[in-house]
Amino acid sequence: MIADTTSETLGAIKVVQALSLHDMLEQNFLYQNTKSLDEGARSLKLATFLEGLVKVLMALVLALVVWRSSLLAIQKTLTPGDVLIFVNYLKTAFEPMRQITKQIGQIAKATASGERVIDILDYEPNVRDLPSAKVAHPFYGAVCFENVSFGYAPNRQILKGLDLTVEPGQQVALVGPSGSGKSTLVSLILRLYDPVEGRILIDDKDIRSYKLDSLRQQISVVMQDSVLFAASIRDNITYGRLGASDQEVERAARLANAHDFIMDLPDGYDTILGERGGSVSGGQRQRIAIARAAIRHSPIVILDEPTTGLDSESEYAVNEALKRLTRGSTTFLISHNLRAVEQADRILYVEQGNILEQGTHRELMQQSGRYAALYRLQNKSNGYKGAEYVLDV
Ligand code: ATP
């Protein structure tokens, strides 16, 4: 259980950060870890006691057998060979008992390793609240990048002096080659990282001036292959806004086209999902993730290839849900399928960390630049009917 929680939490660290679930999961982990440590200490004591007991027992029985069989050997009832074979059998018979006590020791050792995981969780993140940070007001959703540069490593810049202004409610699509920095750009809005240079503003204020939780609570994220947790469907949706009522959970699930399939499950909203959301299909997982996003009523929504990899049946239901989710919100959609972004208010063509072109689909096609070339290429090959979310304004 403790290993499940840890691997799930660390594996989904971006989602945990985006949903501000660290406090809740930390409490959960600490509880499980303390419980596991107590159990470990008890099993270690038991293992030591059992190991000692088995050794004493073996020695006693062995002494008894050697004494008795030696007497029998003297009386010629047994041969010395029989005595040796008998002692050997006895040792073999004791072996499983010795193994069991060893296994108990192993369990105790594994429990101690849990302590080391705590050290990882105690690690202080680079991104944290400034002492002067204030709780953010309800956002209108204006997002502005001012000369933003960023790199994961000091010697490798991913975003270079980026400027961008997005109006509240605007639907912006980011397209461009793989590795050009699209996901990195949107992760800076969530403050998963801070820019090395420049600043990002929401409603005209540097996002570092807001308390981290109050910033992230107003941003919803749906990624490709959404991460769900090994908990009930109800809990997974509630993770979008801790403390939400059952009615709110149901409303969010209806918006996400998820209510009907949830009700078809034998345990409905109480269905426990497997680790990382296993036990529901990819499309269903996405719709639960959309419900989790919808329950936040966020003024800013980030969609990172949310329908990539879905079959066309799931695609329709997910697309509908996404349209409802993004209505009225400032939206950032990352997509490799240019058909999916045609209707966006603004399309940004990103390459090597720069916005090389921007405008509506029509404007970019008239420019006849890289976007237009890529669009024609995708249409020509025409095999590209990816199950992508289509912005619809
Ligand atoms: P894709 O379309 O394939 O998702 P992208 O345009 O979204 O790509 P990013 O994911 O932003 O690109 O990655 C930009 C660059 O940063 C890539 O070279 C990538 O390898 C690197 N990168 C991304 N995340 C990290 C990270 N956590 N640590 C180090 N490097 C990273």
Side-chain angles (χ1 to χ4, degrees), residues 7 9-19 22 120 123-128 143 145 147-164 166 171-198 200 207 212 216 219-227 282 286 289 300-310 322 331-342 344 346-358 364 369-371 373-375 377-378 381 384 386-391:
S7 87
T9 308
L10 295 178
I13 199 71
K14 268 194 181 179
V15 181
V16 171
Q17 287 175 318
L19 293 171
H22 35 82
I120 299 175
Y123 169 77
E124 269 294 316
N126 293 331
V127 175
R128 52 194 129 135
V143 179
F145 281 60
N147 192 30
V148 169
S149 297
F150 173 76
Y152 294 97
N155 51 356
R156 190 166 167 243
Q157 263 198 343
I158 303 291
L159 302 177
K160 296 154 193 159
L162 207 121
D163 288 308
L164 172 68
V166 179
Q171 308 227 307
V172 178
L174 292 99
V175 300
S178 214
S180 56
K182 304 178 295 290
S183 301
T184 304
L185 189 153
V186 294
S187 68
L188 295 187
I189 304 172
L190 278 162
R191 270 198 86 199
L192 295 185
Y193 311 94
D194 279 333
V196 177
E197 260 176 62
I200 297 165
I207 54 174
L212 206 50
R216 291 178 180 165
I219 304 175
S220 287
V221 184
V222 181
M223 301 188 201
Q224 181 186 356
D225 238 347
S226 286
V227 175
Q286 285 304 73
I300 299 172
V301 177
I302 293 173
L303 309 175
D304 196 343
E305 300 187 51
T307 51
T308 304
L310 293 185
L322 286 171
T331 305
F332 294 85
L333 164 69
I334 297 176
S335 176
H336 281 284
N337 179 2
L338 301 194
R339 285 248 177 109
V341 305
E342 275 178 41
R346 190 138 135 241
I347 300 165
L348 312 176
Y349 182 87
V350 183
E351 201 174 290
Q352 296 196 336
N354 289 304
I355 299 173
L356 291 192
E357 296 171 13
Q358 56 177 306
L364 291 181
R370 292 182 193 236
Y371 172 84
L374 191 62
Y375 186 84
L377 190 76
Q378 281 192 4
S381 57
Y384 210 94
E388 293 269 349
Y389 165 53
V390 180
L391 272 181

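Note that the coordinates shown come from a computational prediction; the quantities given were computed from them, not determined experimentally. Counting starts at 1 for both ligands and their atoms, in listed order.
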Look at the side chain of [X] and the backbone N and O of [Y], then say whether any donor-acceptor pair between them is shorter than 3.5 Å.
X	Y	answer
Arg191	Arg216	no
Glu305	His336	no
Lys182	Leu333	no

Do the side chains of [Y] and [X] get nearer than 4.5 Å, heavy atoms only?
X	Y	value
Val341	Tyr371	yes
Val350	Leu162	no
Phe145	Val143	yes

For ligand 1, which atoms have a heavy atom of [X] less than 4.0 angstrom away?
X	value
Thr184	9 (P), 11 (O), 13 (O), 14 (C)
Arg156	18 (O)
Tyr193	27 (N)
Ser183	4 (O), 5 (P), 7 (O), 10 (O), 11 (O)
Ser180	5 (P), 6 (O), 12 (O)

Problem set entry | Nearest candidate to atom 5 (P) of ligand 1, where distance is taken over non-hydrogen atoms, out of Gly353, Ser187, Gly179 |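 Of the listed residues, Gly179 has the closest heavy atom.
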Problem set entry | Gly181-ligand 1 polar pair, N/O distance under 3.5 Å | yes
Exercise. Which of these, Leu348, Val301, Asp304, Ile300, sits in a side chain to side chain contact (heavy atoms under 4.5 Å, CB included) with Phe332?
Worked result: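 The single option meeting the side chain to side chain contact (heavy atoms under 4.5 Å, CB included) with Phe332 is Ile300.
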Problem set entry | Any Pro177 heavy atom less than 4.0 Å to ligand 1 | yes
Exercise. Is Phe150 near ligand 1, meaning one of its heavy atoms is under 4.0 Å from it?
Worked result: no
